Amino acid sequence: LLSSTVCSHKALLNVGEGEKPVDPGAKQPPPSAPGPGCGCTKTCTCNKTAAFSDLYSTGTRTPNTHSRGHDISWKNKTEKNCFTHLLLECCADLLPAADGDSKTMTFLQEVVDILLAYIVESFDRETKVIDFHYPNELLQMNNWELQSQPASLDDILISCRATLKYAIKTAHPRYFNQLSTGLDMVGLAADWLTSTANTNMFTYEVAPVFVLLEYVTLKKMREIIGWSDGRGDGIFSPGGAISNMYAMLLARFKMFPEVKEKGMSCIPKLVAFTSEHSHFSIKKGAAALGIGTESVVCIKADESGKMIPADLERRILEAKQKGLVPFFVSATAGTTVYGAFDPLIAVSDICKKYNIWMHVDGAWGGSLLMSRRHRWKLDGVERANSVTWNPHKMMGVPLQCSALLVREEGLMQSCNQMHACYLFQQDDTGDKALQCGRHVDIFKLWLMWRAKGTIGFEAQIDKCLELSEYLYNKIKDREGYEMVFDGKPQHTNVCFWYLPPGVRYIEDKDEKKKQLHKVAPVIKARMMEYGTTMVSYQPQGDKVNFFRMVISNPAATFEDIDFLIEEIERLGQDL
């Protein structure tokens, strides 16, 4: 459901719940062309497609004399099962039903047409980023309930259209809300291909090409990190949080391999260290692994969000004096809010001095390794024991695509393998993963890399950083704006307050802070109501709510940045 932020600030909006604001600049979706058998002689917006109204994915019409909805008595279970099989065989319309190939092709072509129309619309700046409705409105406008009886394929197509109609257009050039934005056409094609192949990444036997591509790509990524000849290990996981947990798991196993069989009770009390600006997944990983969130020590960050090495060393010494065993330090390359890069060389010196596993969480900033202009921000990453790198963020690979890279070869296998001989052959990638079944995430990245080349990714990343610098230069001295921290942003994160006229001249500092805290949520709520753009906000420490603008969408332009500034001022001018 919609975030509580929008609902909680609804009373502050200038629009009511049944009064959808109309943005004169927003173009409505074009009317769809009539479907096969629709009966329309002109272009229309009807959803009904007569050609599919009597077609079903599974059997719904009983064969012979039985009709749908009649009560049927079965002599025994075998008779019922035989009838059910006959029902599905006789009455299903799509493959694998007999003679279902033509109907299947027609149905899927209709689905593709819906998808292609949505893709084109997503990149059109005259359309809305979101067709916003409150949760109760969406529930009332559409039938989302699951039924015991199957729906016709016509109803299925209607559901497809409705789902996309109310979805957030994350490919829209003016969607800046999250770290993963944009839509790459080659990546999309790769996703369609892997869904069609519908295979599993756990063994070479069932996914020979995909397993080889994962091996090739991970090796290339390790080379880019700076590990000699790309040696080491790695795996694609279901996101940066899981990649970070893998790293913590490996660090514990490296120091105390007996924990795998005997558990936490056989080893000393462990302690991990990370920046106070780091991602929550470090603590979540500690909780999941039984280490405990209280065993994660948060290190102070400076004003720009970088970890302070002196405080890290001080806290390590404190932990050792208490009899705790420091085993893991997570440095962040691109923090979620400020986009800060911890000083990796200084952190690695400390980790080496005290024999502690050094992990670099580069989920957000790791992709800057692809840029010759910006990779210096990760100087020292080659000294890490492990690195998290999410191509589904700055590189624009469709979700999900997160890699954990490990410097020591064979460690993942030793840590995680269970020798399930009924499934895995020697050296199968599946036995080094925590999962058994694993989605094919590699093909999207590999195919995009083939299409763009490394220089293509580099140009894409450099462009996003240029846009963020453009935004920073536009607002740093602009009336009504105040930067959250001094200096040019390190990544594409631009953090700022917008002070509307009604707040700008309040003299009482506490009152001004109190009123300013309310501004970003109201403007964000209005953005969603109008559907013109989306940008996130949050507080940080003692700092009240501010906008956090992030740019990772290759479709964004300088004009889109100008639009964002003007839209913030338009929506907040009366506050």
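Predicted, not measured: the structure shown is a model, and the values here were computed from it. Nothing fancy with the numbering, it's 1 onward along the sequence.
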To the nearest 0.5 Å, what is the distance between CD1 on Ile350 and CZ on Arg315? 13.5 Å
Flag side-chain contact, heavy atom, 4.5 Å: Phe123 against Leu183: yes
With a 6.0 Å cut-off (strictly less than), is the heavy-atom count around CD of Glu258, excluding the residue itself, greater than 12? yes
Given side chains that start at C-beta, do those of Asp184 and Lys452 come closer than 4.5 Å, heavy atoms only? yes
State the CD-OH distance between Gln540 and Tyr338, to the nearest 0.5 angstrom. 5.0 Å
Using the salt bridge (charged side-chain N to carboxylate O under 4.0 Å, His left out) rule, take Lys352 and Asp349 through it: C-alpha gap first, then chi angles, then the decisive distance, then the call. CA-CA 5 Å; Lys352 183 177 181 180; Asp349 287 340; over 6 Å; no
With no hydrogens and no angle check, just 3.5 Å: does a side-chain donor-acceptor pair link Glu567 and Thr532? yes
Would you give the length of the straight line joining atom CG of Leu188 to atom CG of Leu193, rounded to the nearest 0.5 angstrom? 11.5 Å
Leu249 side chain near Leu289 side chain, heavy-atom distance below 4.5 Å: yes
Check whether any side-chain heavy atom of Lys220 lies under 4.5 Å from a side-chain heavy atom of Trp449, and answer yes or no. yes
Run the salt-bridge test on Arg314 and Glu318 with the 4.0 Å N-O cut-off and return the result as yes or no. yes
Do side-chain atoms of Ser552 reach the backbone of Leu179 as a donor and acceptor pair under 3.5 angstrom? yes
Is the distance between the ring centroids of Tyr498 and Tyr481 under 6.0 Å? yes
I'd like to know if the side chain of Arg375 reaches the main chain of Ile224, judged simply by a donor and an acceptor atom lying under 3.5 Å from each other, with no hydrogens or angles considered. yes
Verify, without hydrogens or angle tests, whether Asn545 (side chain) and Leu516 (backbone) share a donor-acceptor contact under 3.5 angstrom. no
Check whether Asn385 reaches the backbone of Met358 with its side chain - one donor and one acceptor, N or O, closer than 3.5 Å. yes
Is there side-chain contact between Ile282 and Asn244, with at least one heavy-atom pair below 4.5 Å? yes
Under the side chain to side chain donor-acceptor pair (under 3.5 Å) criterion, do His491 and Asn493 qualify, and how do the steps go? CA-CA 5 Å; His491 203 355; Asn493 308 51; 4.9 Å; no
Rounded to the nearest 0.5 Å, how far does SG of Cys415 lie from CZ of Arg252? 7.5 Å
Do Arg174 and Arg125 come close enough that some side-chain heavy atom pair is under 4.5 Å? yes
Could you walk me through whether Tyr470 and Asp562 pass the side chain to side chain donor-acceptor pair (under 3.5 Å) check? CA-CA 9 Å; Tyr470 175 78; Asp562 293 337; 2.8 Å; yes
Looking only at side-chain N and O atoms, does Ser536 offer a donor or acceptor that is under 3.5 Å from a partner on Asn177? no
Mind checking ring pair (Phe, Tyr, Trp, His ring centres under 6.0 Å) for Tyr354 and listing every partner two or more places apart, or none if nothing turns up? none
Got a donor-acceptor contact below 3.5 angstrom from the Lys444 side chain to the Pro398 backbone? yes
Enclosure of Lys543 NZ (heavy-atom neighbours >12, cutoff 6.0 Å): yes
Using modelled atom types and a 3.5 Å cut-off, is there a donor and acceptor pairing between side-chain atoms of His392 and backbone atoms of Cys401? yes
Supply the atom-to-atom distance Ile551 CD1 to Asp560 CG, rounded to the nearest 0.5 angstrom. 9.5 Å
Of Lys474, Lys476, Lys488, the residue whose pairing with Glu469 passes salt bridge (Lys or Arg N to Asp or Glu O under 4.0 Å): Lys488
Would you confirm whether Thr332, through its side chain, and Gly334, through its main-chain N or O, come within 3.5 Å as a donor-acceptor pair? no
Can you check whether Lys306's main-chain N or O pairs, donor with acceptor, with Asp342's side chain at less than 3.5 Å? no
Is the closest side-chain heavy-atom distance between His359 and Leu404 below 4.5 Å? yes
For Lys283 and Cys298, run side chain to side chain contact (heavy atoms under 4.5 Å, CB included): C-alpha distance rounded to whole Å, both residues' side-chain angles, the deciding distance at 0.1 Å, then the answer. CA-CA 10 Å; Lys283 284 191 173 183; Cys298 292; 3.9 Å; yes
If you apply the rule side chain to side chain contact (heavy atoms under 4.5 Å, CB included), what do you find for Thr194 with Asp191, and how did you get there? CA-CA 5 Å; Thr194 53; Asp191 230 355; 3.7 Å; yes
More than 12 foreign heavy atoms under 6.0 Å from NZ of Lys260: is that the case here? yes
In Å and rounded to the nearest 0.5 Å, what is the CE to NE2 distance from Met394 to His374? 8.5 Å
Verify whether one side chain among Ser275 and His277 offers a donor that lies under 3.5 Å from an acceptor in the other. no
Trp389 and Met370, any side-chain heavy atoms less than 4.5 Å apart: yes
Worked verdict on Ser330 versus Asp361 for side chain to side chain donor-acceptor pair (under 3.5 Å): CA-CA 7 Å; Ser330 178; Asp361 178 7; 5.2 Å; no
Derivation of the side chain to side chain contact (heavy atoms under 4.5 Å, CB included) call for Arg548 and Val484: CA-CA 10 Å; Arg548 179 200 60 166; Val484 173; over 6 Å; no
Ignoring hydrogens and geometry, is there a side-chain-to-backbone donor-acceptor pair from His279 to Thr335 under 3.5 Å? no
Assess whether side chain to side chain donor-acceptor pair (under 3.5 Å) is satisfied between Ser180 and Gln178, documenting all intermediate values. CA-CA 5 Å; Ser180 303; Gln178 246 69 45; over 6 Å; no
Whether Glu409 and Arg222 form a salt bridge (side-chain N of Lys/Arg under 4.0 Å from carboxylate O of Asp/Glu) is what I want to check. no
